[in-house]
Amino acid sequence: MSKKDKTLKDILDCILYENPSTQDEIAEKLGITRRYVTQLIRPLVMDGTIKRAYMIDLKSYEKIAESLGDYVSTQNSKGNVLINEMLVNMAKHVHSQLELSFDAVLEYDEDKANKALEMDFATNNMVEKIRTSVETIVSINKHSEISKSILYNEIAYDLERIGDYCGHISKFVINDVYEVEGNVLKKLKKMYKTAQSMISIAMRGFVEGKTELKDDLMDLEETIHIIQSKAINLIATQMAESSFDEKERSNYFIYLFRLIKAFKRIGDISVEMMDVAVEFHDNIPRPTTPRTFR
């Protein structure tokens, strides 16, 4: 492969997996000039391979990668592998979003909270990329199981929902005027660590087919519910000792309950993701009853 072809392939992979917003960002990530980026991708923009907001038509990507001699075309290594890699990249992004959101709470840092909120734009863009890629897979492989292909979208939307709850965590810092009391903060730290572990296990279940990890995930779900109950009891005690004449103090407790609920919902979504993994890999349909009523 020539140096120019390798650079083009690197640009396409950067767009697919790293979600750049501008040509300047692509150039910076690859250590090349923006002018060279423009030169290489202009024909692909013109023929529709690269679309607005730096999204790639997956069918065209496969043809280009094959022509560059850097793509093995087997049933397991075509679009499905690309989407798995997109999902892994999205999960890493959401992990970072959750980490930054909670760091904002720990440090009571409004700048970090705002940066975490800004990360949600990239999360939403990743969902759209995965959705269009799934549509392409279905159009390429007429014999594909459409119902299974659509499950990729469900995992992406679940990760997006986790990103939304990261926003709730960030907004606690932005909306409130009080830092979290020490004993409650200890419970939140445990909920945060448990939630991060649950996301990781759920993703391993779907991407790697490790559905046997569901028992471990359910243990963590029970753990996060126990911690939630203890945190709520601590807050209830604080509420009983506080005067609600202060509007700000009342708002503090409302936002704090939302913060705790955000971690609990992240855990619930992780279990839902594992249910999708079991359906995808083990052909066991998910329960039709919503989790809140089981």
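Side chains included, hydrogens not; waters and symmetry mates left out as well; all remaining heavy atoms used. As the structure is a prediction and not an experimental result, all values here were calculated from the model.
Hydrophobic clustering places I224 together with I235 (ILVMFWY residues linked when any side-chain heavy atoms are closer than 4.5 Å, directly or through intermediates). A continuous path of ILVMFWY side-chain contacts below 4.5 Å connects Y178 to L259, so both sit in one hydrophobic cluster. Hydrophobic clustering (ILVMFWY, side-chain heavy atoms < 4.5 Å, transitive): L185 and V173 are in one cluster. Each of I254 and I232 belongs to its own hydrophobic cluster when Ile, Leu, Val, Met, Phe, Trp and Tyr are linked at side-chain heavy-atom distances under 4.5 angstrom. No continuous path of hydrophobic side-chain contacts links M119 to F172 [ILVMFWY only; heavy atoms under 4.5 Å].
Remark: S96 pairs with no residue by the side chain to side chain donor-acceptor pair (under 3.5 Å) rule, at least two apart or across chains. Under the salt bridge (Lys or Arg N to Asp or Glu O under 4.0 Å) criterion, K112 pairs with E107, not counting sequence neighbours. For F280, the ring pair (Phe, Tyr, Trp, His ring centres under 6.0 Å) partners two or more places apart in sequence, or in a different chain, are Y152, F206.
Residue T123 forms a side chain to side chain donor-acceptor pair (under 3.5 Å) with just one option from H93, E160, R161, and that option is H93. Checking V134, V127, I130 one by one against M86, the side chain to side chain contact (heavy atoms under 4.5 Å, CB included) holds for a single residue, I130.
K171 is listed as a side-chain neighbour of L117, based on a closest heavy-atom distance under 4.5 Å. Using a 4.5 Å heavy-atom cutoff, the side chains of I269 and Y165 are in contact. Side-chain contact between Y192 and E99 is present, with at least one heavy-atom pair separated by less than 4.5 Å. For the pair Y157/E154, no side-chain contact is recorded, criterion being any heavy-atom separation below 4.5 Å from C-beta on. A heavy-atom distance below 4.5 Å is found between the side chains of L8 and L44. Taking 4.5 Å as the limit, every side-chain heavy atom of F263 sits out of range of all side-chain heavy atoms of T194. Contact annotation: the side chain of M274 approaches that of L213 to within less than 4.5 Å [non-hydrogen atoms, C-beta and beyond]. Using a 4.5 Å heavy-atom threshold, the side chains of V37 and E25 count as separate.
Smallest separation of non-hydrogen atoms from A262 and I169: CB-CG1, 3.9 Å. The shortest heavy-atom contact between A195 and I266 is CB-CG2, 3.9 Å. Nearest heavy-atom pair, S270 versus I162, reported as atom, atom and distance to 0.1 Å: OG-CD1, 4.5 Å. Nearest heavy atom pair, residue A156 against residue M90, reads O-CE, 3.3 Å. Taking each heavy atom of S101 and A116 in turn, the nearest pair found is OG-CB, 3.4 Å. Between A91 and M203, the shortest heavy-atom distance links the atoms CB-CG, 3.7 Å.
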Exercise. So L98 and I199, side chain to side chain contact (heavy atoms under 4.5 Å, CB included) or not? Walk me through it.
Worked result: CA-CA 11 Å; L98 179 55; I199 297 169; 4.0 Å; yes
For this session: Determine, stepwise, if the pair I11 / T7 fulfils side chain to side chain contact (heavy atoms under 4.5 Å, CB included).
Result: CA-CA 6 Å; I11 291 172; T7 303; 4.3 Å; yes
Exercise. Can you check side chain to side chain contact (heavy atoms under 4.5 Å, CB included) on K189 and K187, steps first, answer last?
Worked result: CA-CA 5 Å; K189 287 179 181 178; K187 302 300 181 189; over 6 Å; no
For this session: Would you check, one step at a time, whether the test side chain to side chain contact (heavy atoms under 4.5 Å, CB included) holds for E279 with V276?
Result: CA-CA 5 Å; E279 180 171 331; V276 174; 5.7 Å; no
Exercise. Under the salt bridge (Lys or Arg N to Asp or Glu O under 4.0 Å) criterion, do K115 and D111 qualify, and how do the steps go?
Worked result: CA-CA 6 Å; K115 287 177 182 176; D111 287 337; over 6 Å; no
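One finds the CD atom of Q228 at 11.0 Å from the CG atom of L188 (value rounded to the nearest 0.5 Å). Between the NZ atom in K186 and the CD atom in E181 there is a gap of 9.0 Å [rounded to 0.5 Å]. Summarising the geometry, atom CD belonging to Q23 is positioned 3.5 Å from atom OG1 belonging to T38; distances are rounded to the nearest 0.5 Å. H281 NE2 to E212 CD: the interatomic distance, rounded to the nearest 0.5 Å, is 10.5 Å. Taken from OG1 in T223 to CG in L217, the straight-line distance is 10.5 Å, to the nearest 0.5 Å. Taking NZ from K261 and CG from D268, the interatomic distance works out to 10.0 Å, rounded to the nearest 0.5 Å.
With a 6.0 Å radius and a threshold of 12 heavy atoms from other residues, nucleotides or ligands, E222 has its CD atom at or below the threshold.
In this structure a side-chain-to-backbone donor-acceptor pair under 3.5 Å is present from Q196 to H95. Between the side chain of N125 and the backbone N or O of F121, no donor-acceptor pair lies under 3.5 Å.
Between K214 and D275 there is a salt bridge, since a side-chain N of the basic residue sits under 4.0 Å from a carboxylate O of the acidic one. For K9 and D5, the salt-bridge test fails: no basic side-chain N is under 4.0 Å from an acidic carboxylate O.
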